[in-house]
Amino acid sequence: MGHLDHAALGWLTPVLSYAMACTGAALGLRCTVRALGATGRSRRNWLVTAASAIGTGIWTMHFVAMLGFSVSGTDIRYDVPLTILSLLVAMLVVCAGVFAVGYSRDRTRALFLGGLTTGLGVASMHYLGMAAVRLHGDVAYDPLLVGLSVLIAVVAATAALWAALNIKSPVAVTIASLIMGAAVSSMHYTGMFAVGVDVTPSDEVLPGVTAMQFIFPLAVGLGSYLFLTSAFVALSPATGEREASASAQRSAESAVG
């Protein structure tokens, strides 16, 4: 049985992955708040941005954490198509959950179904990402810890959607995003502690690419997207601000007329 190290680079990967999860959650919540105050195409655009932010944050959190994953006695490679598929799954399932909450008239039912769907999707993303791992040996999972990780994912997703519906102030969104980041990180590491590897030493070259060849550049790119989008959302006026500006402009035009 190979020795697994989940923080081979020290605290760098856990802390950075947590920051990515918090950033994605905060941006997603802010965009959802904007969406619920908008209509038509504007609502759809805000919801798409929210889903991409949360999905990107969760995926980036997972694979930044995986940069610190190592197994004694074997190299580790990643299957590129499966890794990309895990990113698409993360975005699609989060999109489904966010749209269910954003457009449903029965918010309680939408919250339950959206949280369940999104949570199972997040768990699917995690285990698809693990299925992309290539190493010399056999990977096994503790079913109880796997089940616990899925439960954490569902609870975290439901809490995120509830927060999107009920939390409006920037301070509350910040607190909620910190909690959501902790929940997502807990889901990841619970799933990782479920992993066991029976190493079979070999000189055969593993298929796939190393984390630094593919995952690190992609994670940097997606992380940059999160921070740039955060800046855009922070600088864009909210619905109330736009209405106040329009009202002030109409008043000024009436006074001139």
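FYI, the numbering just counts along the sequence from 1. The figures that follow rest on heavy atoms only: side chains count, while hydrogens, waters and symmetry mates do not.
Rounding to the nearest 0.5 Å gives a distance of 10.0 Å between CZ of F193 and CG of L4. In this structure, CE in M66 is found 7.5 Å from NE2 in H126, a value given to the nearest 0.5 Å. Note that the CZ atom of R44 and the OH atom of Y103 stand 7.0 Å from one another [nearest 0.5 Å]. Remark: L111 CG to T118 OG1 distance equals 10.0 Å, nearest 0.5 Å. S186 contributes atom OG, which lies 11.5 Å from atom CD1 of I179 (distance to the nearest 0.5 angstrom). For the atom pair CG of D5 and CE of M192, the computed distance is 10.5 Å after rounding to the nearest 0.5 Å.
Linking ILVMFWY side-chain heavy atoms closer than 4.5 Å, directly or via other members, places M125 and V80 in a single hydrophobic cluster. When the side chains of ILVMFWY residues are joined at heavy-atom separations under 4.5 Å, either directly or via intervening members, L47 and W162 end up in a single hydrophobic cluster. When hydrophobic clusters are built by joining Ile, Leu, Val, Met, Phe, Trp and Tyr residues whose side-chain heavy atoms come closer than 4.5 Å, directly or via intermediates, V48 is grouped together with L29. No chain of hydrophobic side-chain contacts below 4.5 Å, direct or via other Ile, Leu, Val, Met, Phe, Trp or Tyr residues, connects L16 to M180. By the rule that hydrophobic residues join a cluster once side-chain heavy atoms approach within less than 4.5 Å of another member, M212 and V209 end up as members of one cluster.
H62 contributes no side-chain N or O that, together with a main-chain N or O of V122, makes up a donor-acceptor pair within less than 3.5 Å. Side chain of T117 to main chain of G114: no donor-acceptor pair is present (N/O by atom type, distance under 3.5 Å, no hydrogens or angles). When atom types are taken as modelled, the side chain of S72 and the backbone of H3 share a donor-acceptor pair closer than 3.5 angstrom. Under a 3.5 Å cut-off, the side chain of R134 and the backbone N or O of Y78 do not form any donor-acceptor pair. Judged by distance alone, with hydrogens and angles left aside, the side-chain atoms of S149 form a donor-acceptor pair with the main-chain N or O of V146 at under 3.5 Å. Within the 3.5 Å criterion, the main-chain N or O of V184 finds no donor-acceptor partner in the side chain of Y18. Between the T60 side chain and the G57 main chain, no donor and acceptor come within less than 3.5 Å of each other. No side-chain donor-acceptor contact under 3.5 Å links S86 to the backbone of G129.
Taking the six-membered ring where the residue is Trp, Y189 and H6 present perpendicular rings, their angle passing 60° and hence far from 30°.
Residues I152 and A183 come closest through the heavy atom pair CG2-O, 3.6 Å. Between G115 and A157 the shortest heavy-atom distance is O-CB, 3.6 Å. Across all their heavy atoms, S42 and A38 have their closest contact at OG-CB, 3.6 Å. Between T13 and A7, the shortest heavy-atom distance links the atoms OG1-CA, 4.5 Å. Contact between A65 and H188 at its shortest, heavy atoms only, is CB-NE2, 3.3 Å. The two residues A50 and T32 come nearest to each other via the heavy atoms CB-OG1, 3.5 Å.
Of the residues V71, L135, D138, the one that meets the side chain to side chain contact (heavy atoms under 4.5 Å, CB included) test with V199 is V71.
Sparse packing is recorded around CZ of F112, with 12 or fewer heavy atoms of other residues, nucleotides or ligands lying under 6.0 Å away.
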Test side chain to side chain contact (heavy atoms under 4.5 Å, CB included) on T158 and L116; report intermediate values, then the result. CA-CA 7 Å; T158 304; L116 180 62; over 6 Å; no

Start with the C-alpha distance between W59 and T83, add both sets of side-chain angles, then the distance that settles side chain to side chain contact (heavy atoms under 4.5 Å, CB included), and finish with yes or no. CA-CA 10 Å; W59 187 93; T83 302; 3.7 Å; yes

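Residues S185 and M61 form a side-chain contact, since some pair of their non-hydrogen atoms from C-beta on lies under 4.5 Å apart.
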Under 3.5 Å, side-chain donor or acceptor atoms of residues 89-98 against the rest of the protein: list the pairs with distances, not counting sequence neighbours.
none

